[in-house]
Protein chains: 2
Amino acid sequence: MNSALRTLKSIGREMEILEGTEALLHWDKSTFLPKKAAEQRSEQVAYISGLLHAKRTDPQFQKAVQQLRRRPKGLSFVEKRLVEEYTKKMNKWTKIPLSHVEEFSKVAALSFKAWERAREKNDFTMFAPYLEKIVQLKKKEAVYINPKGHPYEVLMDEFEEGMTIVKVEAVFAKLKPELMGILSKIKNSKRYKAQQPRTGNFPVETQKLITQDISRMILGENDCFCCVESVHPFTTTICPDDVRITTAYQEDPLFSFLSTAHECGHALYELGFGDQLRGTVLFDSPSFGLHESQSRFWENQVMKSREFWQYYYPFYRKHFPALSAVSADDFYFSLNQVRPSLIRIECDEVTYCLHIIIRYELERALLEGKIAVKELPQLWAAKYQVYLGVEPKNAVEGVLQDVHWSEGSFGYFPSYAIGTMYAATIFSKVQKHMPGVRGGDFGPIIQWLRKNIHQHGALYPAEEVVRKSCGKGLTADDFLAYLKKKYYGLYGV
Amino acid sequence: MNSALRTLKSIGREMEILEGTEALLHWDKSTFLPKKAAEQRSEQVAYISGLLHAKRTDPQFQKAVQQLRRRPKGLSFVEKRLVEEYTKKMNKWTKIPLSHVEEFSKVAALSFKAWERAREKNDFTMFAPYLEKIVQLKKKEAVYINPKGHPYEVLMDEFEEGMTIVKVEAVFAKLKPELMGILSKIKNSKRYKAQQPRTGNFPVETQKLITQDISRMILGENDCFCCVESVHPFTTTICPDDVRITTAYQEDPLFSFLSTAHECGHALYELGFGDQLRGTVLFDSPSFGLHESQSRFWENQVMKSREFWQYYYPFYRKHFPALSAVSADDFYFSLNQVRPSLIRIECDEVTYCLHIIIRYELERALLEGKIAVKELPQLWAAKYQVYLGVEPKNAVEGVLQDVHWSEGSFGYFPSYAIGTMYAATIFSKVQKHMPGVRGGDFGPIIQWLRKNIHQHGALYPAEEVVRKSCGKGLTADDFLAYLKKKYYGLYGV
């Protein structure tokens, strides 16, 4: 191996270890960290982040990447891709000055706390000054990375490499009226007007048993996985053979059920990257959208399907006496009820992308300077009124509901919708295996995902992975067709 | 603050963060780490250890310590002690070459694995070659640290700073015959001959409720504490406000009860170091023995006392129907039954130090080259026969039972006995508060420990802390008097 390649791999390996350590510190913060130690934990995270930043901007590493880029002869395909990927990342890492990274990290910590307090007090004005500062810093960051680019596009690139505003706009321009149309049709149906919320007693201990069963179904008996509780469910990877999800239990058992299915979809993906990519930056997903496609696929296309519940309902009902008088059909309907809601993470398949589009429109306008932070609550409420026909009574069920902005994650939201589109496109290729699910056989679906999506890691851009396996890139068509078929059927419209 | 002091404190703070991060990696390894990730975790630990070693041997840090040692003028008492403590530690850190640290770390990892496999197969010969290598490396380490010292004393100093073989010998020379005498007297009693093992069904869920209650009793409602399960119970500190214990559940509910009390004793100590010591190497215990005194004090002197069970038994029995026909007196007796056993961590107060003395005698002879690794099983069995009257049937219940030697922790065992002596001496000072325990009042005991032991951290050597508060240093007298009073009473001899 030539010495530049050795340097690249060895420093890359150090970065991987530091990232994993940082991930463990975060996982622990959300799961077991005693309350009083929160600030000390932030210091630990900041210290490890600092070490990581030093590695990322290590001149030795930069030199090695540049050398290999100039003389790629003799490199394997994976190694060439590795050099390309590091070149792109290094470009970002080195363009943002350390002073900015440090300032942002401090402001973000304060902003996150202000967001938490503002939620407690249900008072957006407590959070607004911090958000203003965050917006300013993110605008500055976009200029550091690419002074000629559109700031929103530059920031979105962090989550969805190569994605453009033009592409996102095209998809959303189609989605928005179509979704509003589907929703309106459903709302006018008889079944919609008669539908009732789920009620009953679903003990947490039984919910736990069911979530264990879900992870077993999706991941098998797995030596590389663990699941514990946290307030907000998430997935994290500490090292290639250590992928963790968390879950949370609410009164409605479908919250833990669907969120576990969602996180297991993420985990299955993380556990499926090709072995030849281990220890490199390519042992990862190429985009948040593609990652989200894997979680939403299991949550929606599989675990909310009629086939799945034909298989699973007898077992599920046996465990919850509250369901003894509920038929499989009624349960399936209740699970898929469309009900415009104020909270993104509790909404149905039909309205989900409208929640995303609202956030996208607002955050883009913020970054473009077209609206001010203080206008957000009012604009938020107005959009919810127009797109979904509901209106938040307060900031907690409105503009304060998501953590993203408090941490400066602008440009992240589109990935949720992009993932939803990819999931539907992927489903159009694998739905031939759904009859097997009636018998509890997930094997062919898992095999397809492993072969066509997971193993590639970040070897190819997200859209290329989808295009290779499904014959098309980002499109709203498959998703809209899927929704219409499923929900027009359900509501008899 | 002068610049050398600033350097000392800032690099000291970095060490603290790295130590905490390493502690979290270890805690997680014993609690939630997926099985397959064990090796990757070792690499993460090794990496962080390497960073820590670099800080410990940082020339800037060494220079600062040396400067401050030469010119201590203007330093506060705590700062002077800090400089002394770092001087001692630095002396060790810098004397062992990095190549040796790295070699030892690799060998120890292999040795630990070999020990685990040997336990699985119940075959000491699978572990012996690794142990030989470990012994050689530890001997070499002792020479690096102090070529003129007795190798065992040099290694023991790692755990029990300032302790000498002469002192330990003096205590053990008294303990061994006395304990064998007490044991023999008990074994000849009527009550001993009639005693029966505990039986009954003690559900784990109820045991969990009880362990929560114990931590609440000792630590109060505590925002700096958490408890989860692991195979072997332990206590660890991730940062000053994050002290964790683990516990394990067995059929016999006294295992989780006593081990939780033991670990809570450690945790109470860790949470009691004076605030003025935060962020320094003095925010710690001066010795493993003093630490062990705090755990053994709660496990034995408090939680195995008649006063405690007078208070607690009605509640305890209510939770375990298996005890409905067992009187408080009978339960108290069964809890304190003396029963020479093969396993150290499951033995009673009377025989405990005999287990320790066996290990001490063997490991000291190993280090002195007086015995060979291959002789260990036979010598182990012979000593158990003579001291305790029992004989292991195999290596797992004999020489393979403790993890210490596999990791090279030679010189650690005496600390368990030293802690046991300190606990009894401390008890002689606080037993006036035991009547309060009958009413569930632990306050005065906790206050005494905080004021006299905990708050000092590592400001003074362990024996000095005990001497200051109890008027005497290491002695077997209080312990032997405590045993005789309690156990002669119990067995009517």
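Quick note on labels: first sequence line is chain A, next is B, and so on, each numbered from 1.
Heavy atoms of B:L51 lying under 4.5 Å from chain A belong exclusively to its side chain. Contact annotation for B:D242: both backbone and side-chain heavy atoms come within less than 4.5 Å of a heavy atom of chain A.
Scanning residues 12-27 of chain A against chain B with a 4.5 Å non-hydrogen threshold yields A:R13, A:E14, A:I17, A:L18, A:G20, A:T21, A:L24, A:L25, A:W27, sorted by number. Within residues 33-48 of chain A, the residues having any heavy atom under 4.5 Å from a heavy atom of chain B are, by residue number, A:L33, A:P34, A:K35, A:K36, A:A37, A:Q40, A:R41, A:E43, A:Q44, A:Y47, A:I48.
Residue A:E251 places its CD atom among 12 or fewer non-hydrogen atoms of other residues, nucleotides or ligands, all under 6.0 Å distant.
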